[in-house]
Amino acid sequence: MPLDHASQLRVVPTGAAVGASVPGLDLRQVNDTLFTAIYEAWLTHSVLIFPGQRLAHEDLIAFSRRFGELDHAPVQENGRRFVEGLPEIYIVSNVLGPDGQPIGSLGAGEASWHTDMSYLPQPPKASLLYAAEIPHEGGDTWFAGMHAAWQALPASMQARLRGLRVNHDGTYNSGGFLRAGVVPTDDPRDSPGTLHPLVCRHPETGREALYLGRRRNAWIEGMELGKSDALLDEIWAEATASRHVYRHRWGKGDLVLWDNRNTMHRRDPFDPAARRVMYRTQVKGSAPPMA
Ligand code: SIN
């Protein structure tokens, strides 16, 4: 089993294009040396899985803060905002609270492929998702490596894509729900969001990766809509091909950390009668995505 950083850390690659498991750690007890090793492993594998954690909200926030300043959680579909007193925590859940309202976002349906909050000018660099309650089956989360997908494209396609920008739509979330306070539209040319380069360079590793956001309401700036759709479909087919994907079957207590700058993720649906409760934090990006 590979040992990193003076044997501080066991890092077990998933064997897929992204992802490694880091067993045997208690994330409540991470010192600076260990954190340096974790950070290096994260830059290498893009997705890290820390099984068997027992994290209170405060522990999740404290570990997340080691990666940088945290974003406040976005508004849920029902207009609710934060966990009372802890604005950094976002809940992903299908569970209803005592008032009959969902305690979190995304329900029990599929969440389509996306990069977190790329409709913003400066999206979060990292997301951390902690599994507090999981269903017996379903609800797996899939991660696609955008560096591998970029490298797999033919040179002629890479040359065609350099310099293009894509609209990252802010109308709908990955569950297909309208974001709070947004007017519905299905015309990507005037939907709210942000234009980002289609190919971005990772600010820390220097490696290029596709930066796609989400497919719905995506549009390549300045391109006739039909042509934009055809080109995006071609790129998305490569980006989400199984050879670039790791599928995570959750265990209770898993903390999964991913890099939003070079991965996308999606989630399988699960039985709406089952309970799934996940707590998420997000680390602010240091700069807008750049070519
Ligand atoms: C998300 O898309 O951020 C949530 C993923 C999940 O529920 O597993």
Side-chain angles (χ1 to χ4, degrees), residues 14 16 18-19 21 46-51 53 55 60 64 67 70-78 80 82-83 88-95 102-120 123-146 168-180 211-216 239-240 245-272 274-285:
T14 61
V18 289
S21 179
S46 303
V47 178
L48 292 184
I49 302 118
F50 302 93
Q53 302 301 315
L55 303 179
L60 175 58
S64 305
F67 291 84
L70 302 187
D71 275 322
H72 281 191
V75 184
Q76 293 174 188
E77 297 109 9
N78 58 10
R80 268 196 198 176
F82 304 126
V83 172
E88 299 89 350
I89 300 272
Y90 183 70
I91 305 179
V92 178
S93 184
N94 63 319
V95 172
I103 63 166
S105 284
L106 292 183
E110 178 182 351
S112 56
W113 284 111
H114 65 285
T115 306
D116 284 337
M117 295 166 71
S118 63
Y119 54 91
L120 298 177
K125 70 174 186 179
S127 299
L128 298 93
L129 190 63
Y130 174 61
E133 291 184 60
I134 50 167
H136 285 299
E137 58 181 14
D140 296 351
T141 306
W142 305 55
F143 295 90
M146 293 299 99
H168 289 237
D169 176 60
T171 312
Y172 304 100
N173 71 17
S174 55
F177 299 99
L178 187 69
R179 291 186 195 280
Y211 192 65
L212 298 174
R214 57 199 72 216
R215 180 65 187 88
R216 188 170 183 183
T240 58
V245 169
Y246 163 66
R247 174 186 195 169
H248 185 62
R249 293 201 169 94
W250 290 91
K252 180 173 156 57
D254 284 355
L255 183 283
V256 177
L257 157 72
W258 65 85
D259 192 330
N260 280 304
R261 300 165 295 188
N262 57 12
T263 64
M264 295 199 295
H265 56 281
R266 65 168 289 278
R267 182 194 76 191
D268 286 339
F270 56 96
D271 179 358
R275 289 174 63 94
R276 188 176 189 269
V277 181
M278 320 284 281
Y279 299 115
R280 190 185 77 185
T281 53
Q282 287 180 315
V283 184
K284 280 185 192 296

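We're numbering straight along the sequence, starting at 1. Computed over heavy atoms, backbone and side chain alike; hydrogens, waters and symmetry mates excluded. For ligands, and for the atoms within them, numbers begin at 1 and follow the listed sequence.
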Nearest protein heavy-atom contact for atom 4 (C) of ligand 1: which residue, which atom, what distance? Leu106 CD1, 3.8 Å
Under a 3.5 Å cutoff, is there a donor and acceptor pairing between the side chains of Trp258 and Ser46? no
Would you say Met278 touches ligand 1, if touching means a heavy atom closer than 4.0 Å? no
Indicate whether any N or O donor in one side chain lies under 3.5 Å from an N or O acceptor in the other, for Ser127 and Asn260. yes
Glu133 CD: over 12 foreign heavy atoms closer than 6.0 Å: yes
Within ligand 1, which atoms have a heavy atom of Leu129 less than 4.0 Å away? 5 (C), 6 (C), 8 (O)
Could you check atom 1 (C) of ligand 1 against the protein and tell me its nearest heavy-atom contact, residue, atom and distance included? His265 NE2, 3.6 Å
Note the single closest protein heavy atom to atom 8 (O) of ligand 1, along with its residue, its atom name and the distance in Å. Thr141 OG1, 2.5 Å
Taking only non-hydrogen atoms of Arg280 and a 4.0 Å limit, the atoms of ligand 1 in range are 3 (O)
If you measure from atom 6 (C) of ligand 1 to every heavy atom of Met264, Arg267, His248, which option wins on shortest distance? Arg267
Of all the heavy-atom pairs spanning Arg276 and Phe270, show the shortest one and how long it is. CD-CE2, 3.4 Å
Atoms of ligand 1 under 4.0 Å from any heavy atom of Val92, numbered from 1 in the order shown, are 7 (O)
So for Asp140, does at least one of its heavy atoms come nearer than 4.0 angstrom to any atom of ligand 1? no
Does the salt bridge (Lys or Arg N to Asp or Glu O under 4.0 Å) test come out yes or no for Arg267 and Glu110, once each step is laid out? CA-CA 6 Å; Arg267 182 194 76 191; Glu110 178 182 351; over 6 Å; no
How far is atom 7 (O) of ligand 1 from its nearest protein heavy atom, and which residue and atom is that? Arg276 NH1, 2.8 Å
Suppose we call two aromatic rings close when their centres sit under 6.0 Å apart. Are Tyr211 and His168 close by that rule? yes
Would you please name every residue forming a ring pair (Phe, Tyr, Trp, His ring centres under 6.0 Å) with Trp142, sequence neighbours left out? none
Mind telling me whether Tyr279 and Tyr130 have parallel, tilted or perpendicular rings, with 30° and 60° as the class edges? parallel
Tell me, please: is Arg266 in heavy-atom contact with ligand 1, that is, under 4.0 Å? no
